[in-house]
Amino acid sequence: MIARIWNGRTKVPHLEAYTQLMKDIAIPDYKKTPGFIKLSFLRSVENDIAHFKLITYWENLEVIKNFAGADYEIAKYYPEDEQYLLEFEEKVSHFEVFSEA
């Protein structure tokens with residue numbers, strides 16, 4: 001299993017709207033991809049910035065390529081992200097999951 005990790009930031013006033021956007025658009029998109037296993041969407045607030053971390057779990061790298069494209073290390077964004085995100089992280093991280101408890 002492979003974990004794919006993305007980070008994003010918004011202004012605190014956009015915290016709830018961006019959270020809802022992820023629930024309405026991004027999460028269903030992940031779930032409909034064959035080979036998707038699960039996800040954890042995390043958020044925290046530091047001063048006036050809301051931080052998001054998305055960890056998705058996939059069967060293997062080929063499945064991720066079906067979702068993200070051949071250059072699977074490039075972050076995938078939705079058009080609506082432009083309204084909220086403060087920057088666009090170019091790449092995501094991938095880790096082999098070798099144990100779960």
Single-linkage hydrophobic cluster, 4.5 Å side-chain cutoff, L61 and L39 together: yes
W6 reachable from Y84 in the ILVMFWY side-chain graph, under 4.5 Å edges: yes
From CA spacing to verdict: side chain to side chain contact (heavy atoms under 4.5 Å, CB included), F41, K53: CA-CA 6 Å; F41 220 133; K53 184 176 292 284; over 6 Å; no
Give the minimum heavy-atom separation between [X] and [Y], together with the two atoms involved.
X	Y	value
G8	L85	CA-CD2, 4.3 Å
V63	N60	N-OD1, 2.9 Å
V12	A50	CG2-N, 4.1 Å

Would you check if [X] and [Y] make a side-chain contact, meaning some heavy-atom pair closer than 4.5 Å?
X	Y	answer
S93	F95	yes
I2	I64	yes
V92	I5	no

Atom pair CG (L15) and OG1 (T10), whose distance is rounded to the nearest 0.5 Å: 6.0 Å
From CG (L42) to CD1 (I55), nearest 0.5 Å: 5.0 Å
With E80 via side-chain contact (heavy atoms from CB on, under 4.5 Å) - residues at least two apart: L21, I25, Y78, Q83
Could you pull out all residues at least two apart from [X] that satisfy ring pair (Phe, Tyr, Trp, His ring centres under 6.0 Å)?
X	answer
F67	Y30, W58
F52	Y18
H51	none
F88	Y77

Give me each pair satisfying salt bridge (charged side-chain N to carboxylate O under 4.0 Å, His left out) with a member in [range], each pair once, sequence neighbours excluded.
range	result
residues 88-101	K38-E100, E73-K91
residues 15-24	E16-R43
residues 4-13	R9-E87

Members besides I74 in its Ile/Leu/Val/Met/Phe/Trp/Tyr cluster (side-chain heavy atoms under 4.5 Å): none
Cluster companions of I49 among Ile, Leu, Val, Met, Phe, Trp, Tyr (side-chain spacing under 4.5 Å): L86
Listed partners of K31 passing salt bridge (Lys or Arg N to Asp or Glu O under 4.0 Å), at least two apart: none
Working for salt bridge (Lys or Arg N to Asp or Glu O under 4.0 Å), residues D71 and K65: CA-CA 7 Å; D71 193 355; K65 289 177 184 177; over 6 Å; no
